[in-house]
Undergrad: 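Before we start, here is the structure in question, set down as structure tokens.
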Amino acid sequence: MTILLPGATLGVMGGGQLGRMFVHAAQRMGYFTAVLDPDEGSPAGRVSHWHVRSDYLDERGLATLAGHSDAITTEFENVPAAALAQLAQQRPVAPGAAAVAIAQDRAQEKAHFNRCGVPCAPYAVIAGEAQLAAVGDELFPAILKTARLGYDGKGQVRVASRADLRAAWESLKRADCVLEKMLPLALECSVVVARGGDGAMVHLPVQRNLHRGGILAVTEVHAECVPAALAARAIEAARAIAEGLQYVGVLCIEFFGLEDGSLVVNEMAPRPHNSGHWSIEGADVSQFELQVRTLAGLPLVQPRQHSPAVMLNLLGDLWFRNGATTAQTPDWPGVLALPGTHLHLYGKTEARPGRKMGHLTVTGADVAGVRATALAAAQRLGIEAF
Ligand code: ATP
Ligand code: MG
């Protein structure tokens, strides 16, 4: 892989908040950036040197992005494989289409985890009547998840027993699905891994995640957040999964810690992840700088966490507190009055419930202080305590 020095242009497929933070990291290091996203007001499009407004499958749009860019990455996993394939004919693309295709499909993803020897929840692939009928009783209670295009808990239905399975599958419009056994979770955590074109690999520390309503609500990263032995296993598993894909880029793996102390892998995202946002202020190399480095072929150094961190997601719900029917701006001055708070807003003009509008990272000298500040910020914003 050739090294692209600052001054080159890095392209990204997708203009959401992940693309925006990638663009910020790239520009800080002296790169030019190009974003492809159909939305005129997309968070990354607004801050990029180039914004190609086109559909992800528009051949001219893709050619324009490739024309601007010296190398191209992606900020969401549902970029059509055909688009990545077209780009790859003209420019280096990382991660590659093959790895993205696996991450796009829960059935392929689980097969990959099995190949790497990392256990996942017991599951069955459901792609038709025969498989629906053949599901074993031991999988219930279960969650039915569409194999493709799910995010933030969308495309998922809980299924208490076999009797409910058919109705659940109909409600997902008989899409190809995986049916997963519901596991007794003690905790959720994730690991961000970066792997370079030369095979070098580094990772961020294990991140403890709290989901509410299927959406990430809080991430904590400090020595006390996950038992050390479990954290070590998660890192080892994440590295094996990246290695098995011959992955180039930033990859985030989500895990469940079960009540019996075992670790199972949930899913992976072929890009930086919401649970890694804390690294912008809490580590000396952020997940977005890792994405820049892997794409540009720059050296990877092991990031060092220099502060305990808590990240709170700022969902659109915070604009509609106490039954408000029109959006009310949350108390940003009240939150910024707390030492160690770092406010990120993604430039989305319209707040809607469930929409990721921004996040708040809290850093500080010690875990107790950071947690106390994060709880105070949560209270000022109307986020439930954790
Ligand atoms: P995202 O893309 O936002 O991470 P998603 O829509 O892809 O989410 P999953 O990560 O599969 O969905 O599941 C969302 C959440 O649902 C998990 O973080 C976990 O809290 C819960 N969950 C999912 N699968 C299981 C399971 N097998 N057992 C228990 N809880 C589960
Ligand atoms: Mg998930």
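In this text, all values refer to a predicted model and were calculated from it rather than measured experimentally. Read the numbers this way: they start at 1 and go in the same order the structure lists the ligands and their atoms.
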Undergrad: For ligand 1, indicate whether the residue Glu188 contacts it via side chain, backbone, both or neither (heavy-atom separation under 4.0 Å).
TA: side chain

Undergrad: Of the choices His273, His211, Lys145, which has the non-hydrogen atom that lies closest to atom 23 (C) of ligand 1?
TA: Lys145

Undergrad: Would Thr219 and Gln207 count as a side chain to side chain donor-acceptor pair (under 3.5 Å) if you check the C-alpha gap in whole Å, the side-chain angles of each, and the deciding distance to 0.1 Å?
TA: CA-CA 6 Å; Thr219 295; Gln207 306 156 165; over 6 Å; no

Undergrad: List the steps, then state whether side chain to side chain donor-acceptor pair (under 3.5 Å) holds for Ser279 with Ser286.
TA: CA-CA 5 Å; Ser279 59; Ser286 76; 4.9 Å; no

Undergrad: Do ligand 1 and Gly214 have nitrogen or oxygen atoms that lie under 3.5 Å from each other?
TA: no

Undergrad: Is it true that the side chains of Gln17 and His359 contain a donor and an acceptor less than 3.5 Å apart?
TA: no

Undergrad: Checking Phe288 against His277 for the ring pair (Phe, Tyr, Trp, His ring centres under 6.0 Å) test, could you report, in this order, the C-alpha distance in whole Å, the side-chain angles of both residues, the deciding distance, and whether it holds?
TA: CA-CA 9 Å; Phe288 300 102; His277 291 355; 5.7 Å; yes

Undergrad: Under a plain distance cut-off of 3.5 Å, with no hydrogens placed, do His211 and Glu188 share a side-chain donor-acceptor pair?
TA: yes

Undergrad: Going by the atom numbers of ligand 1, which of them fall below 4.0 Å from some non-hydrogen atom of Gln156?
TA: 5 (P), 6 (O), 9 (P), 11 (O), 12 (O), 13 (O)

Undergrad: Can you see whether Ser48 engages Thr33 through a side-chain donor-acceptor pair at a distance of less than 3.5 angstrom?
TA: yes

Undergrad: Taking non-hydrogen atoms only, is Asn266 closer than 4.0 angstrom to ligand 1 via side chain, backbone, both or neither?
TA: side chain

Undergrad: Return yes or no for this condition: an N or O of Glu267 is under 3.5 Å from an N or O of ligand 1.
TA: yes

Undergrad: Within ligand 1, which atoms have a heavy atom of Glu254 less than 4.0 Å away?
TA: 4 (O), 10 (O)

Undergrad: Say you draw a straight line from CG of Leu36 to CG of Asp55; how long is it, rounded to the nearest 0.5 Å?
TA: 8.5 Å

Undergrad: Should you measure from each heavy atom of Leu185, which atoms of ligand 1 turn up under 4.0 Å away?
TA: 29 (C), 30 (N)

Undergrad: At under 4.0 Å between heavy atoms, is it the side chain or the backbone of Arg212 that contacts ligand 1, or both, or neither?
TA: neither

Undergrad: Give the atom numbers and elements of ligand 1 that come within less than 4.0 Å of a heavy atom of Ile143.
TA: 22 (N), 23 (C), 24 (N), 25 (C), 26 (C), 31 (C)

Undergrad: Under 6.0 Å between the ring centres of Tyr31 and Phe22?
TA: no

Undergrad: Is the contact between Leu216 and ligand 1 made by the side chain, the backbone, both, or neither, using heavy atoms and a 4.0 Å cut-off?
TA: neither

